[in-house]
Structure formats: C-alpha cells, structure tokens
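All remarks here apply to the structure that follows.
Side-chain atoms are counted along with the backbone in the values below, which use heavy atoms only and exclude waters and symmetry mates. By convention here, the first residue in the shown sequence is residue 1. The structure displayed is predicted, hence computed values, not measured ones.
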Amino acid sequence: MDPSALNNAELVQFINQEKERAMANEMVAKLTTVCWDKCITGTPGSKFSSSEQSCLSNCARRYLDLSIIIMKRFQNMQ
C-alpha cells in the first residue's frame, strides 16, 4: 500500500485496523501459551484426551471473558 496515496483519515483508519489485528494476534498467542501450559501436562499424542479438551475449552472461554471485562473497564476509564 502506497502511503502517499492515502489521505489522513484513511491512514488513521489503516493504522487502527493494524493495531487491532496485532492485539488479536497477541491475545491468541497468550491464550495458546497460558492454556497449553495449564491443560497439557504430558507429551501430547495425536489427539487430546477428553479432560485436556475440556480444560482447553474452559481456559479459552475464561481468558476471553476476562479480556472482554478488562477492555470494557479500560473503555469506561477514558
């Protein structure tokens, strides 16, 4: 994308979209690390056990719920 072809509003919008994309990627990376370390205790096989699947699902849900709560609180502070 040629930056000289963008007006200021388009550039700001593009930068904000890229920030959101980076934040989403960072959240997925953190979620993966946290939940993997918590739920996968041994060497993984070709499939997760039912307890590992349940743990990963619950961990991801809790992590995302907490992230949403934190984002809402930050928005309310502004």
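- Side-chain N/O atoms of R73 and N76 include no donor and acceptor closer than 3.5 Å.
- A distance of 11.0 Å separates CD1 in I69 from CG in L64, rounded to the nearest 0.5 Å.
- Side-chain N or O atoms of T32 include one that pairs as donor or acceptor with a backbone N or O of V28 at under 3.5 Å.
- When N58, L66, D65 are each tested for a side chain to side chain contact (heavy atoms under 4.5 Å, CB included) with R62, only one passes: N58.
- Formation of a donor-acceptor pair under 3.5 Å by the T33 side chain with backbone atoms of A29 is found in this model.
- C59 has its SG atom within less than 2.5 Å of the SG atom of C35.
- Listed here is the closest heavy atom pair of L56 and W36: CD2-N, 4.3 Å.
- For the pair C39 and E52, the tightest heavy-atom approach, listed with the atom from each and the gap, is O-CG, 3.7 Å.
- Between K30 and Y63, the shortest heavy-atom contact is CB-OH, 3.1 Å.
- By the neighbour-count criterion of 12 heavy atoms within 6.0 Å, atom CE of M23 is sparsely surrounded, having that number or fewer from other residues, nucleotides or ligands.
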